[in-house]
Amino acid sequence: MLPTPTEDLSDAQLVAAVADELRRPRIDPADSFVLHAPLELASRAALLPRVAPAGRVQARRRLVELASGYEAAGAPVPDPPSRHFTATPDAARRLREAIDAGDLDEVDAVARRLGRAASPTQLRRLLADTVVARLAAAAHAPIFLYQLPRISPRGELTGELLRPLARELARDPEWRLSWHDELRPRDSSVPADEVFDAIAATPRTGLPGSGFICPVMSQAQDSGIAADQLAGVIEHVDPHEAALAVTRAAASSMLQEPSDWAPYGWSHCLTLPQAVLGIADACSNPTAPVAVAATFVVGFRAAMAERPLVAGTELPELTSTVTDIVTYAATHHDAHLVKYTLACLDAAAADPSHAALYLAAAERLGTYWREHAPAPTA
């Protein structure tokens, strides 16, 4: 039975109840709502402690609506047969093999076992290399691995939330970025500003017929733009400093570009690379997550930007408090606004000298939604 927002449940208990509903994949291919559901849950759970008291009931109601919407989104897959492995690395290896083979049933069975056996931090360590460059599931699997340990550090939530995302990865296992596969760290002779400059100078190609993530990133790869802009610098910049340059370029895109692509283009322009960079410490090649993250920003800018980025552009002054920004997002219906607001808070904490940039970007997306709110019904 689904919970209600007014039940005598703690926030953690409410989030756990919603997660229990979201753990079972749907039979049909995931639409945007179903795909985002585990990530929306993670983001709403992370924002909930920072919501203003007046917004808490509505923020909790959004969690319940997420569960009820998922329940109504289609028939779930049957429970898979139990699987047993001698160790979690064996399960992770089998999951990767099943994803590559496109074996949806095997993926679900193994993901169920792995999600039960591994802690959130173990899942990140075991699966980072498997997911970091994949474009299936709208390239969102790294967001799950990045967020899960922070909302479930002791395993309060079921790791079976891995199941829906793993199943979507297996639907299109050939969708991935690969131009960077041979890159390795060389030295740190190039200043990180050159990473920002390389992204800022991305040539504009326009949309490849679709604004979806796979075609946009495939265009950046297949056209050679990603390699042309990034290969000469990524191997020669300290990975941590390069990561900051990437997220600064992503947030600057929200502020410096027209708002047409704000809700789904420029929001993904930060949330996707940030998540990849957030699991970089679990990747075997430290250059790979930086290259993938930078490719995401280059890809969105090639397809959607109207002008080059300019470093040091004056930032707008905030007209809302951080609590107001968080509360608006947590009580709003849109999953992308929730994800993006959390991403901006995380980026501000990781890059405090540029915190104003990220907070201004978060407010910009909130302003977009206020200006595009549906008219009230009579």
Side-chain angles (χ1 to χ4, degrees), residues 39 42-43 46 120-121 123-135 137-150 176-177 179-181 183-185 188 190-196 198-200 202 213 217 220 226 229-231 233-254 266-301 309 339-355 357-358 361-362:
L39 315 174
S43 298
T121 53
L123 284 175
R124 178 186 292 180
R125 176 174 53 82
L126 291 167
L127 298 177
D129 279 335
T130 295
V131 307
V132 71
R134 293 185 187 266
L135 298 176
H140 277 46
I143 301 179
F144 173 74
L145 295 182
Y146 173 53
Q147 294 293 354
L148 185 64
R150 66 113 54 87
R176 69 180 302 272
L177 293 172
W179 74 266
H180 64 285
D181 284 348
L183 298 184
R184 294 294 184 275
S188 298
V190 172
D193 287 348
E194 292 196 18
V195 176
F196 184 99
I199 294 172
T202 298
I213 289 165
M217 299 311 147
Q229 297 303 117
L230 301 171
V233 294
I234 290 296
E235 293 181 301
H236 303 286
V237 181
D238 174 79
H240 175 71
E241 294 300 318
L244 296 179
V246 170
T247 57
R248 290 168 191 167
S252 297
S253 297
M254 178 67 79
W266 302 131
S267 67
H268 282 127
C269 187
L270 175 61
T271 57
L272 293 181
Q274 181 192 62
V276 168
L277 295 167
I279 64 173
D281 60 350
C283 294
S284 56
N285 174 12
T287 300
V290 177
V292 170
T295 300
F296 284 138
V297 186
V298 164
F300 282 117
R301 292 204 55 77
L309 284 179
K339 288 191 306 170
Y340 190 77
T341 300
L342 179 60
C344 288
L345 296 181
D346 286 348
D351 189 10
S353 65
H354 287 74
L357 165 68
Y358 301 112

Taking only residues two or more places apart in sequence or in another chain, which ones pass side chain to side chain donor-acceptor pair (under 3.5 Å) with [X]?
X    : answer
T247 : Y358
R248 : D351, H354
T295 : W179

* Set of salt bridge (charged side-chain N to carboxylate O under 4.0 Å, His left out) partners for R134, sequence neighbours left out ->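 Result, salt bridge (charged side-chain N to carboxylate O under 4.0 Å, His left out) vs R134: D100.
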* Quick one: salt bridge (charged side-chain N to carboxylate O under 4.0 Å, His left out) partners of D181, sequence neighbours excluded? ->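 R176.
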* Asked: Is a side-chain N or O of Q229 found less than 3.5 angstrom from the main chain of I199, in a donor-acceptor match?
  ->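 Absent.
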With [X] via side chain to side chain contact (heavy atoms under 4.5 Å, CB included) - residues at least two apart:
X    : value
A361 : A251, M254, L255, Y340, C344
H236 : R186, D187, S189, V190
T121 : S119, P149

* **Residue pairs passing the side-chain hydrogen bond (donor to acceptor under 3.5 Å, both in side chains) test where at least one lies in residues 139-150, sequence neighbours excluded** =>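 Pairs touching residues 139-150 that pass the test: H36-H140, H140-H268, H140-K339, Y146-D346, Q147-R150, R150-D346.
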Pairs under 3.5 angstrom only: tabulate donor-acceptor contacts from the side chains of residues 283-291 to other protein residues two or more places apart or in another chain.
from : atom 1 : to   : atom 2 : distance (Å)
S284 : OG     : D129 : OD2    : 3.0
N285 : OD1    : T287 : N      : 3.1
N285 : ND2    : L183 : O      : 3.0

* Structure fact -> Rounded to the nearest 0.5 Å, the CG atom of L123 sits from the CD1 atom of I279 at a distance of 11.5 Å
* **Pairs involving residues 289-301, ordered by first then second residue, that meet salt bridge (Lys or Arg N to Asp or Glu O under 4.0 Å) (sequence neighbours left out)** =>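 Every pair satisfying salt bridge (Lys or Arg N to Asp or Glu O under 4.0 Å) with a residue in residues 289-301: E257-R301.
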